[in-house]
Protein chains: 2
Amino acid sequence: MASDQTRTAILAAAERLYADRGFGDVTLRDIVAEANVNLAAVNYHFGSKDELIAELFVTRSIQTNRERLNELKAAEERGGGRAAIDDIMRALVGPPLRGCLGPNREGSTAARFMIRASIESVPPIRRIKNREVDHLRKFAAAMRRALPGRDEAELYWGLHFALAMAHHTIREKERLLRLSEGKCDLDDVAGIIDRVVTVSVMALTHGEAPSKPVVRPMVAHGRLTRQDL
Amino acid sequence: MASDQTRTAILAAAERLYADRGFGDVTLRDIVAEANVNLAAVNYHFGSKDELIAELFVTRSIQTNRERLNELKAAEERGGGRAAIDDIMRALVGPPLRGCLGPNREGSTAARFMIRASIESVPPIRRIKNREVDHLRKFAAAMRRALPGRDEAELYWGLHFALAMAHHTIREKERLLRLSEGKCDLDDVAGIIDRVVTVSVMALTHGEAPSKPVVRPMVAHGRLTRQDL
DNA sequence: TTGCTTTTCAAACATTTGTATGAAACTATC
DNA sequence: GATAGTTTCATACAAATGTTTGAAAAGCAA
């Protein structure tokens, strides 16, 4: 078996170009030029352009999903089989937020690619995203265990809003930065995660005390804290 | 001056096709065929394909923005110059949610077009969305008056999260429906607006009592209510 | 009608695009 | 080192697409 350095070079070049210029503006010829390989190599190694994009996206998605499930599992073990709702939401929104935001990730091609994939929406990526429902069901199940007796629809709305805040922050971070004239610190990823988790849990428990205080103890700037009850 | 029925026919056909099949799958030839006009008519009347898309989107955007500002103005008059935070958030998320969701809007081309524009993201639409910041500043100003002394960043985060929940609900309504197996009622627009407003206000006031109870008094299914403090 | 502007039309343009082909180069196994 | 399988390469293909053109048609004012 030959070294698949051509395959790898194509993947790296494609991810970089898509991240920088978007899916609409990058052609296969751009990619092979960047990767210094022949035009036909893409179809030889991946079958088609769409399959190349799909492979890029599933790779990163699997990464995020694995981190999510790891965090969920850890939280469940910590809680003796039943994770606290805070930790569940944190496991849900933490990985994608950490993966896409933050100053350290500034130059990360993977991060910029995932942001791009969240802004633009091309058919191969949409197809993969549609399969995400099965993955989310695991979180719905954990939430059901954490908040037994709670109306099912409420759980789904809470899950939905948590993803809304996380994804919208990733997708619209430039606009939020511009709107707030820099007052919102998009580099403080931990603080953002706390924010999203806190609001999600508030939405789910509608104001009741959470099962326990939010885990992360301190953040530099004034972020949301629970001061009710 | 001739009747611009050709212009109008193109706009209608384009909006319908884009709404149904997305921006990526619809060509100028599809549009002119649907409108029963000549291919060159698009460039004659609009200059380019992108300008046609832009005109479609600005028309609908202006509609939403006007409704928002009307609601905001009404709320400010009700409050003697200072609108309650609930009403501000409601003015922000109500119009787009009402415009895109609900069973009555099922067949509305405008609604489906705006949903599509929120899912796919093409350059001409992105350009227009970037100008939306000025519009949002008016809401930020109203929020500042409603919650004086509050940290500026907190206000922007609340605004950001409100938009996140509203837009994400519009954009991912099919997925939420599938994930919840129909348990989340996407046709109950008023209930959804209440939900988003309630959570947004909770995020902004982090658990404190709101300036007044949420306006809408009753909804059929069990939705979020404030029971804290 | 005459003359001028606006609008429509068929046709062609000029690229751009992803994909396919068939030969050449390379690699590894016997 | 011959052979079979794999990979690379230059090139061609074929189709789609937004845009342009120049003439014909339609409107309209005098």
Side-chain angles (χ1 to χ4, degrees), chain A residues 1-58 113 116-117 120-128, chain B residues 1-58 113 116-117 120-128:
Chain A
M1 175 156 300
S3 74
D4 48 12
Q5 60 187 12
T6 297
R7 236 187 97 91
T8 308
I10 291 172
L11 285 170
E15 186 167 45
R16 190 161 3 130
L17 289 179
Y18 284 143
D20 286 342
R21 293 161 39 192
F23 297 101
D25 273 359
V26 175
T27 71
L28 289 190
R29 284 168 176 81
D30 294 330
I31 293 171
V32 299
E34 179 87 358
N36 275 310
V37 300
N38 187 270
L39 174 60
V42 173
N43 286 277
Y44 177 79
H45 285 281
F46 299 94
S48 72
K49 180 196 183 187
D50 276 12
E51 289 174 83
L52 166 61
I53 294 177
E55 172 149 347
L56 282 171
F57 187 69
V58 296
F113 175 81
R116 181 68 67 175
E120 292 184 40
S121 183
V122 289
I125 289 185
R126 257 202 298 277
R127 276 192 288 273
I128 293 162
Chain B
M1 177 157 300
S3 74
D4 47 13
Q5 59 187 12
T6 298
R7 238 187 96 91
T8 309
I10 292 173
L11 285 169
E15 185 166 45
R16 192 160 1 128
L17 289 180
Y18 284 142
D20 287 341
R21 294 161 39 193
F23 297 100
D25 272 359
V26 176
T27 70
L28 288 188
R29 284 169 175 81
D30 294 330
I31 293 171
V32 299
E34 179 88 356
N36 275 310
V37 301
N38 186 269
L39 174 60
V42 173
N43 286 278
Y44 177 78
H45 284 281
F46 298 93
S48 71
K49 181 197 185 188
D50 276 12
E51 289 174 85
L52 166 61
I53 295 178
E55 172 149 349
L56 283 171
F57 187 69
V58 296
F113 175 80
R116 180 69 67 176
E120 294 185 39
S121 184
V122 289
I125 289 185
R126 256 201 299 277
R127 276 192 286 273
I128 294 161

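Chain letters run A, B, ... following the sequence lines, proteins first, then strands; residues in each count from 1.
Taking atom CZ of A/Arg29 as the reference point, atom C1' of D/dC13 lies 11 Å away to the nearest angstrom. The nearest whole Å value for the distance from the CG atom in B/Asp4 to the C1' atom in C/dT5 is 17 Å. Here the P atom of nucleotide C/dT15 and the CG atom of A/Leu28 are 21 Å apart, to the nearest Å. In this structure, A/Asp30 places its CG atom 11 Å from C1' of C/dT16, rounding to the nearest Å. Look at CD1 on B/Ile31: it is 14 Å from C1' on D/dT19, rounded to the nearest Å. Between the CD1 atom of A/Ile10 and the P atom of C/dT19 there is a distance of 13 Å, rounded to whole Å. Atom CZ in A/Phe23 sits roughly 22 Å away from atom P in C/dT16 (whole-Å rounding).
Look at B/Thr6 and you won't find any side-chain N or O under 4.0 angstrom from OP1 or OP2 of C/dT7.
Interatomic distance, CG of B/Leu17 versus CZ of B/Arg116, reported as 11.0 Å (0.5 Å rounding). The distance from the OH atom of B/Tyr44 to the OG1 atom of B/Thr6 is 10.0 Å, given to the nearest 0.5 Å.
Here the side chain of B/Asn43 pairs no donor or acceptor atom with the backbone of B/Ala40 at under 3.5 angstrom. Although no hydrogens or angles enter the test, the distance criterion places a donor-acceptor pair under 3.5 Å between the side chain of B/Arg126 and the main chain of B/Ser121.
The closest side-chain heavy-atom distance from B/Phe46 to B/Ile53 is not below 4.5 Å. Between B/Ile125 and B/Phe23 there is a side-chain heavy-atom pair separated by less than 4.5 Å.
Residues from residues 37-53 of chain A placing a heavy atom under 4.0 Å of any atom in DNA chain C, listed by number, are A/Leu39, A/Ala40, A/Asn43, A/Ser48, A/Lys49.
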